[in-house]
**Student:** 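Can you read through this structure? Questions will come right after.
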There are 2 protein chains.
Amino acid sequence: MNVKTEQRTIRQAGDKQSSREKILDVATDLFVEHGYTGTPLSAIAAQLDFTKAALYYHFKSKADILSGILSPLLDTIDELLEQAPERFPDAQQRWEFLYNYSQVLLSHSRAVEVLAINSSNSWLPDEIKERIEYHRRRTMELAMLPDMSDEDQVKAIVIMDMLHREIVFTDDRMVVPGMKPERRREIVYDFIREALEATAAGR
Amino acid sequence: MNVKTEQRTIRQAGDKQSSREKILDVATDLFVEHGYTGTPLSAIAAQLDFTKAALYYHFKSKADILSGILSPLLDTIDELLEQAPERFPDAQQRWEFLYNYSQVLLSHSRAVEVLAINSSNSWLPDEIKERIEYHRRRTMELAMLPDMSDEDQVKAIVIMDMLHREIVFTDDRMVVPGMKPERRREIVYDFIREALEATAAGR
DNA sequence: GTCTATAGCTCGATAGAC
DNA sequence: GTCTATCGAGCTATAGAC
């Protein structure tokens, strides 16, 4: 009997999640808190009152659990990138894309967090590593406009990084006391959009 | 006999480093590449043609090696923070401090990288965790000016985060092809300074 | 100051009962 | 679908020789 089974995220009412979903949910929490290599399967099993062996019915390996967490995010980004043209001709269309991109990240913010916390990628399955590398390269390309100066390219890169960070670190860190998350997001998005538009004007 | 002992960073000519320094050097490389929990002591020992047991003459635990890597950085930040006033009255003095702060981070950039890569802090010794938390809070305070609006506070936070990121990720990622690191740094610093000054003007 | 040897444990993963 | 039981490997850390 395990006394300490605190629920770290809000589960569905009635707890109708499948075991697979429960495992992914708990694993996400632990991977964010202790990192992937820092989280043994025994910890995931313990929080669910499962045994380690039970996990292997649903996933073929520890890395497979990680893939299960990240895949929905990566799939959605793939879809978004497929719809995008080779390059955006103007700042307006670029911003629309980047905003949509940020919404995708937000809708999978837990998975984004897992990636951000475990920024040493060496233990990631190769397939996942390649997809992430492609996403990074492609979104950077799309953050650029034709004939941009070197200076504005650097700025666009830095601003894109800011956009990524905003998804991950709003909840608990670096927050102005008493400010609602929505308000903060609004301010940051405005700041990002204005800074990006300045790079469009300067070219 | 270990054949594979590639040197990952440039060592001093003549290899006059003490064993302690060698261990810290190699451990830094591996902690950045595979993370702290992802790096066994055997990997550190193997790259030095030491045995695991030999490491325990110089350090009392794995966490102690980590402390050895981080302490010089944390000590230097402590010194800088001791010299700072409670608050900076104007944007000029604030920027001077933040620039000095960035130079400190740069002069210990490998240690900063170790911290950034292992952003899940749960395995850090408590003493180190507390020092880092204090540094983060204090530098954020010092990035603020008196009577700043909420909006400008958020911007200052985001910009400070940008400054941190610039220290860590210049070398290998998100770089404009063919651009020298010095040029990039110059552009980013200018961007940061201008953005920060805008928050001073807006209050 | 570095070694061999090993304790004591936990890891990821598997076999097979129910 | 989850269990008990267990394997072999790898882990941190220690004891004690040299």
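Throughout, protein chains are lettered first and strands after them, A, B, ... in sequence-line order, and every chain is numbered starting at 1. As a basis for the values below, the full set of heavy atoms in this structure was taken, side chains included, without hydrogen atoms, waters or symmetry mates.
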**Student:** Would you list the atom pairs, donor with acceptor, under 3.5 Å between side chains in residues 65-75 of chain A and any protein atom, with sequence neighbours excluded?
**Tutor:**
| residue | atom | partner | partner atom | Å |
| --- | --- | --- | --- | --- |
| A/Ser67 | OG | A/Ala63 | O | 3.2 |
| A/Ser71 | OG | A/Ser67 | O | 2.8 |
| A/Asp75 | OD1 | A/Arg131 | NH2 | 2.7 |

**Student:** According to a strict under-4.0 Å criterion, is B/Tyr57 in side-chain N/O contact with OP1 or OP2 of C/dT2?
**Tutor:**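 Checking C/dT2 against B/Tyr57, no side-chain N or O comes under 4.0 Å of OP1 or OP2.
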**Student:** Roughly how many Å is it from CG in A/Leu55 to P in C/dC11, rounded to a whole number?
**Tutor:**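 One finds 12 Å between P of C/dC11 and CG of A/Leu55, rounded.
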**Student:** B/Phe50 CZ to C/dG1 P: how many Å, rounded?
**Tutor:**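 Spelled out: CZ on B/Phe50 to P on C/dG1 is 11 Å.
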**Student:** Would you say A/Ser19 places a side-chain N or O within less than 4.0 Å of OP1 or OP2 belonging to D/dG1?
**Tutor:**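 No, A/Ser19 has no side-chain N/O under 4.0 Å of OP1/OP2 on D/dG1.
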**Student:** List the protein contact pattern of nucleotides 11-18 of chain D with one symbol per nucleotide (5' to 3'): B for base contact, S for sugar-phosphate-only contact, - for none; contact means a heavy-atom distance under 4.0 Å.
**Tutor:** SBBBB---
**Student:** Please examine the side chains of B/Glu166 and B/Arg184, heavy atoms only from C-beta on, and report whether any two atoms are closer than 4.5 Å.
**Tutor:**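 Yes - at least one pair of side-chain heavy atoms lies under 4.5 Å apart.
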**Student:** How would you list all residue pairs meeting salt bridge (charged side-chain N to carboxylate O under 4.0 Å, His left out) that involve residues 117-126 of chain B, not counting sequence neighbours?
**Tutor:**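 Pairs touching residues 117-126 of chain B that pass the test: B/Asp126-B/Lys129.
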**Student:** Could you list the residues that satisfy salt bridge (Lys or Arg N to Asp or Glu O under 4.0 Å) with A/Glu194, not counting sequence neighbours?
**Tutor:**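 Scan of A/Glu194 (salt bridge (Lys or Arg N to Asp or Glu O under 4.0 Å), adjacent residues dropped) gives none.
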**Student:** Starting at atom CG of A/Leu66, determine the distance to atom C1' of C/dG12, rounded to an integer number of angstrom.
**Tutor:**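 Spelled out: CG on A/Leu66 to C1' on C/dG12 is 15 Å.
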**Student:** Sequence neighbours left out, what pairs pass ring-ring contact (aromatic ring centres under 6.0 Å, His included) with at least one residue falling in residues 138-168 of chain A?
**Tutor:**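 Counting only pairs at least two positions apart or across chains, the ring-ring contact (aromatic ring centres under 6.0 Å, His included) contacts touching residues 138-168 of chain A are A/Tyr101-A/His164.
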**Student:** So which pairs with a foot in residues 37-96 of chain A pass ring-ring contact (aromatic ring centres under 6.0 Å, His included), sequence neighbours left out?
**Tutor:**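 Counting only pairs at least two positions apart or across chains, the ring-ring contact (aromatic ring centres under 6.0 Å, His included) contacts touching residues 37-96 of chain A are A/Phe88-A/Phe97.
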